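For reference, the structure discussed in these notes is given below.
Just so it is clear, the structure is predicted and the values come from calculations on it, not from any experiment.
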Amino acid sequence: MLVLLNGAPGVGKLTVGRELSSLLEARLLDVHTVYNLSFALTEFKSEAFFKTIRSIWALADELISELPVDETIVFTETLAAGSPWAEETWARYERLAKERGPLCSIHLSCSLDENSRRISSIGRSDKRKPQDPEYARSWHERDRPLMGYDTERLLTLETTNLSARQAAQSIRKWIYSEILS
C-alpha cells in the first residue's frame with residue numbers, strides 16, 4: 001500500500017508521517033529527501049532542477065519495486081491542482097499504485113493561524129523547508145484543491161487541534177477500517 005500525505009507547507013506532513021510510519025511499520029519517503037539534492041546542486045525550478053528530481057524518482061521507484069509488495073510506504077508531498085508539475089508528480093504515484101497496490105491519499109490541513117505557527121517553527125530551515133508565515137497565508141488564500149481530491153481512497157484530516165500522534169492514529173484507524181477491512 002502507498003499512503004500519500006498531501007498538504008500545504010507547514011501543516012505537519014513529515015511529523016505526522018514519522019508517527020504514521022511507526023504505527024504502520026512502514027517506510028517513509030519525505031518530499032524533501034527528494035528535493036534537497038536538487039535544491040543543493042541546481043537552480044530552483046531550472047530544467048536541471050526538474051531533471052534531477054526525475055532522476056531521483058527513477059532511482060527511488062527502482063528501489064521501491066524491489067521491496068516486498070506487502071511493505072507499506074508513506075510519502076509526503078505538496079501537490080495542488082492546476083500545476084503541470086503537480087499533475088506529473090501525481091501521475092507518478094498512480095503508476096506506483098498500479099504496481100504496488102492501493103494508493104491512499106490523505107489531505108492534511110490546519111487553520112491559517114496554526115499553519116503560520118508551524119511553518120515558522122525551529123528546525124525547518126535545516127531541511128530547506130519554507131519558514132515564512134506569509135507563504136502559508138498565500139497557500140490559504142489561493143485555496144486550490146489538493147491533487148487526489150477525486151480519488152477513490154481519500155481521507156481529509158483537519159489537524160489544527162490534533163497532535164501528530166493523534167493525526168497518525170486517525171489515519172491508521174481509517175486505513176484499517178476502510179482499506180484493509
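- Interatomic distance, CD1 of Ile53 versus OG of Ser55, reported as 10.0 Å (0.5 Å rounding).
- Nearest approach of Ala164 to Thr15, heavy atoms of both residues: CB-CG2, 3.4 Å.
- For Asn6 (side chain) and Leu79 (main-chain N/O), a donor-acceptor pair under 3.5 Å exists by modelled atom type.
- Considering only heavy atoms from C-beta on, Leu28 comes within 4.5 Å of Leu14 through its side chain.
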task: Quick one: do Met1 and Ile175 satisfy side chain to side chain contact (heavy atoms under 4.5 Å, CB included)? Show the steps, please.
output: CA-CA 10 Å; Met1 169 176 34; Ile175 287 171; 3.6 Å; yes
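- Shown here for Ala80 and Ala86, the closest heavy-atom pair between the two residues is O-CB, 3.3 Å.
- Lys51 and Ser46 share no donor-acceptor pair across their side chains, judged by distance under 3.5 Å alone.
- Looking at Glu88 and Arg54, their side chains come closer than 4.5 Å, going by heavy atoms from C-beta outward.
- In this structure, Ala60 and Leu29 approach most closely via the heavy-atom pair CB-CD2, 4.2 Å.
- Inter-residue side-chain proximity for Glu99 and Val69 is flagged as unmet; no heavy-atom pair is nearer than 4.5 Å.
- The side-chain hydrogen bond (donor to acceptor under 3.5 Å, both in side chains) test applied to Glu71 returns Arg27, not counting sequence neighbours.
- Residues Leu146 and Leu108 approach most closely at CD1-O, 4.5 Å, considering heavy atoms.
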task: Decide yes or no on side chain to side chain contact (heavy atoms under 4.5 Å, CB included) for Leu23 and Arg165, but give the supporting numbers first.
output: CA-CA 9 Å; Leu23 289 174; Arg165 183 76 172 176; 3.5 Å; yes
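- In this structure, the separation between OH on Tyr93 and CG on Leu2 is 9.0 Å, given to the nearest 0.5 Å.
- Every side-chain hydrogen bond (donor to acceptor under 3.5 Å, both in side chains) that Glu94 has, sequence neighbours left out, goes to Trp90.
- Rounding to the nearest 0.5 angstrom, the gap separating the CZ atom in Arg117 from the OG1 atom in Thr160 is 10.0 Å.
- Leu41 and Val31 fall within a single hydrophobic cluster, where Ile, Leu, Val, Met, Phe, Trp and Tyr side chains are chained together by heavy-atom contacts under 4.5 Å.
- Side-chain atoms of Ser38 never come within 3.5 Å of backbone atoms of Thr52 as a donor-acceptor pair (strictly under, hydrogens ignored).
- Judged by distance alone, with hydrogens and angles left aside, the side-chain atoms of Asn115 form no donor-acceptor pair with the main-chain N or O of Ser111 at under 3.5 Å.
- For the pair Val3 and Leu20, the minimum side-chain heavy-atom distance is below 4.5 Å.
- With hydrophobic clusters built from ILVMFWY side chains whose heavy atoms lie under 4.5 angstrom apart, Leu154 does not share a cluster with Met147.
- For Phe49, the ring pair (Phe, Tyr, Trp, His ring centres under 6.0 Å) partners are Tyr35, Phe39, Phe44, not counting sequence neighbours.
- Among pairs with a residue in residues 167-176, none fulfils side chain to side chain donor-acceptor pair (under 3.5 Å), at least two apart in sequence or across chains.
- With hydrophobic clusters built from ILVMFWY side chains whose heavy atoms lie under 4.5 angstrom apart, Leu162 shares a cluster with Val74.
- Between the side chain of Ser116 and the backbone N or O of Leu112, at least one donor-acceptor pair lies under 3.5 Å.
- Between Leu103 and Ala97, the shortest heavy-atom distance links the atoms CB-CB, 3.7 Å.
- A salt bridge links Arg118 to Glu114: one of the charged nitrogens lies within less than 4.0 Å of a carboxylate oxygen.
- Closest of all the heavy-atom pairs between Ile171 and Leu5 is CD1-CD2, 3.9 Å.
- At a threshold of 4.5 Å between side-chain heavy atoms, the hydrophobic network of Ile, Leu, Val, Met, Phe, Trp and Tyr places Val16 and Leu155 in one connected group.
- Using a 4.5 Å heavy-atom threshold, the side chains of Ile179 and Pro102 count as touching.
- Taken from SG in Cys104 to CZ in Arg153, the straight-line distance is 6.5 Å, to the nearest 0.5 Å.
- No salt bridge links Lys13 with Glu77; every basic N to acidic carboxylate O contact stays at or beyond 4.0 Å.
- Looking only at side-chain heavy atoms (C-beta outward), Ile106 and Leu4 stay at 4.5 Å or farther from each other.
- Under the 4.5 Å side-chain contact rule for hydrophobic residues, Phe75 and Leu67 share a cluster.
- Partners of Trp85 under the ring pair (Phe, Tyr, Trp, His ring centres under 6.0 Å) rule, at least two apart in sequence or in another chain, are Phe50, Trp57.
- Put simply, the side chain of Arg100 gets close to the backbone of Pro68: a donor and an acceptor are under 3.5 Å apart.
- Among residues at least two apart or in separate chains, salt bridge (Lys or Arg N to Asp or Glu O under 4.0 Å) pairs with a member in residues 55-68 are Asp61-Arg92.
- In this structure, the side chains of Ser105 and His107 come closer than 4.5 Å at one or more pairs of heavy atoms.
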